[in-house]
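In each ligand, atom 1 is the first atom listed, and ligand 1 is the first ligand listed. FYI, side chains are in, hydrogens and waters are out, and symmetry mates aren't considered; it's all heavy atoms of this structure.
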Amino acid sequence: MPLALHSRVIKAAALVGSGLASFTRKRRATETTILTFHGLSENVGDPDILDWTLHLPVEAFRSICALLAADYRVVSLADLIEARTRGTKLPDNAVVITFDDGYASNYELALPILKRFDLHATVFVTTGFLDGDDMLWFQRVDLALGHSLKQLIDWKINGKKLRLYLGTRELRQQSLVRLMPELKALSDTDLLGEVDRLEEALEVATPTLEDLPKAMRPLTWDMACDMALSGHVDIGGHTHTHPILARCDSMAMRAEISTCRDRIRAEIGELPATFAYPNGGTDDFTRETLLLVREAGFKAACTMINGRVDDQASLFQLPRYGSPESVWEAEATLSGAYETLKDWRQSCLKAMSII
Ligand SMILES: [Zn+2]
């Protein structure tokens, strides 16, 4: 377990063990928390992938679902939309489960757990990924840095010169962490050309669907249909090729949203009601993005801006929390213990005139 993650888990366990979690849960009972997951895996840490943060150990997900079933009320995004549009209330301590991107593990590993605990989730799919036409660009970067036989490369990007060391797995992971923010800052058309050039410089082939390590593989459309038919999952949109929409021009942005909607309608048989913005930070979508998503017929959209859904939250900018890495972290996130600790630290620092 990486050091940062280990300390997060210890901090979360301390907050829950101190009783702060049960106190704060009462305080925030009327707000809804939306959790974001990506893939699950039985083999987290295997050397075939550098960045495992998008793939949670299946046992951690099972423990989190047991907690949700016992102490919270899991509702669907459809319930949330209905409550908002009709002005009705959701149950206290409501939680929404979401998954982004559309990994096969959502079907193979998550669905049986959702069924076991009778929980509901929304899976936001990147439709070109499910079609098998478009590998996710960040998977290509992970595999290129992870599989290259080179020891280092010098890379110019955004006016900077980066020396990317590849001598060990740890160095490859550090190079990935340095490169990703630079890639995310590029326009979408520049980004795809940059990934092509990176693969060329690293002397690795663009991966095909068959080359993907198990945890990275997409859902098939049959799996997505089975999930929708199970009654435990709604399929939502997450663009066609997973660009950061704010880095697209208007025409590309519109096409990404409408193609995604049309592919889901063609394969699942109904219009998707909900959407999630890739990357989802404040700079990753624009006012135009919100309008285009609404115009395409979606009823709500999720960001990755941390926060809870209260009466004031916009249905097209629903806040979410990133994937908790353990049941402790889930409890600290859901209960509000993290925010209480943060508020307390801020007020202490203010009192000491440090900020
Ligand atoms: Zn995504």
Can R247 and D190 be counted as an ion pair, charged N to O under 4.0 angstrom?
-> no
To make sure I understand the geometry: which N, O or S atom in [X] is closest to the Zn ion (ligand 1)?
X: H238; value: NE2
X: H242; value: NE2
X: D101; value: OD1

Nearest non-hydrogen partners of H38 and L54, listed with the distance = CB-O, 3.0 Å
Pair K89-D311, salt bridge (charged side-chain N to carboxylate O under 4.0 Å, His left out): steps then yes or no | CA-CA 10 Å; K89 294 269 178 222; D311 291 344; 3.8 Å; yes
Does the T303 side chain pair with the main chain of L318, one donor and one acceptor, at a distance under 3.5 Å?
-> yes
